[in-house]
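Report on one structure; see the data block that follows.
The structure displayed is predicted, hence computed values, not measured ones.
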Amino acid sequence: MSIGSINSLSYAFGYQYYSDSEYLRIRTYLTDKGRIPTGDRTIDEQTYNQLKSQELMTQQIERMLDSSETRDTENKSGSQYIPWADFMGKVGLDATGDVDNDKARTITEIEKRIKNASSDEMREYYTGLLGQVNSEFNKPMSTSTSSVMDYSGAASILGNLNRTMLVHSLSG
């Protein structure tokens, strides 16, 4: 059977296949994630972007939780608690303890991520983080912390992620 025959069969059954490598990569990704590609490039790209955004949010939440656990361990050993360290961890940065330097680095990184956001949801997420910068960097430094606050913040983020995923699953 030649490729022309396969294409003829594909069109006969209402499927349109694209030969470009980007769309093939998207179709492979969707299949790997248990989704069946529709054959409509626009719909498949939207689904791909939603899945990638959800994956990115999940990774950020996991990093935040890991950072929180690490910070709790450090605090128990007597290290100084840097209140904005978890906030910086949300954008993949480590805190130095220098409030002005850390704040400037965080703003720069968040602005870069807003500019390069792959979806409106991610852009909104980073814009929200940008709005929290001043309050996060004005917290007093101490040698103790409350794990309950760390995990309630993580629970809030998980709740937002679940809400986003639910809205997308109902609309798609």
Is any side-chain heavy atom of [X] less than 4.5 Å from a side-chain heavy atom of [Y]?
X	Y	result
Met57	Glu121	yes
Asp100	Phe137	no
Glu109	Lys90	no
Tyr125	Gln60	yes

What is the minimum heavy-atom distance between Thr42 and Asp40, and which atoms define it? N-OD1, 3.0 Å

After noting the C-alpha distance and the side-chain angles of Met88 and Glu136, does the key distance pass the side-chain contact (heavy atoms from CB on, under 4.5 Å) rule? CA-CA 9 Å; Met88 290 182 71; Glu136 290 294 327; over 6 Å; no

Could you check whether any side-chain N or O of [X] sits under 3.5 Å from a backbone N or O of [Y], counting only pairs where one atom can act as donor and the other as acceptor?
X	Y	value
Asp44	Arg27	no
Asp102	Thr96	yes
Arg63	Gly92	no

Between the side chains of [X] and [Y], does any donor sit under 3.5 Å from an acceptor?
X	Y	result
Tyr48	Arg25	yes
Ser119	Asn49	no
Tyr23	Arg41	no

Which residues satisfy the salt bridge (charged side-chain N to carboxylate O under 4.0 Å, His left out) test with Glu55, sequence neighbours excluded?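 With sequence neighbours excluded, Glu55 shows a salt bridge (charged side-chain N to carboxylate O under 4.0 Å, His left out) to Lys33, Lys52, given in chain and number order.
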
Side chain to side chain contact (heavy atoms under 4.5 Å, CB included) filter on Ser135, not counting sequence neighbours, yields Gln132

Could you grab the distance from atom [atom1] of [X] to atom [atom2] of [Y], nearest 0.5 Å is fine?
X	Y	atom1	atom2	result
Leu93	Arg105	CG	CZ	5.0 Å
Asn101	Thr106	CG	OG1	9.0 Å
Glu111	Thr127	CD	OG1	10.0 Å
Ile43	Thr38	CD1	OG1	4.5 Å
Ile26	Leu51	CD1	CG	11.0 Å
Ile114	Lys112	CD1	NZ	12.5 Å

Quick one, Ile36 with Thr31, criterion side-chain contact (heavy atoms from CB on, under 4.5 Å). Give me CA distance, side-chain angles, the key distance, then yes/no. CA-CA 6 Å; Ile36 299 171; Thr31 303; over 6 Å; no

Should Glu45 and Glu22 be marked as a side-chain contact (heavy atoms from CB on, under 4.5 Å) after you check the CA-CA gap, both sets of side-chain angles, and the distance that decides it? CA-CA 10 Å; Glu45 282 179 341; Glu22 180 185 352; 4.2 Å; yes

Applying side-chain contact (heavy atoms from CB on, under 4.5 Å), run through Phe87 and Val133 and close with a yes or a no. CA-CA 8 Å; Phe87 185 75; Val133 168; 3.8 Å; yes

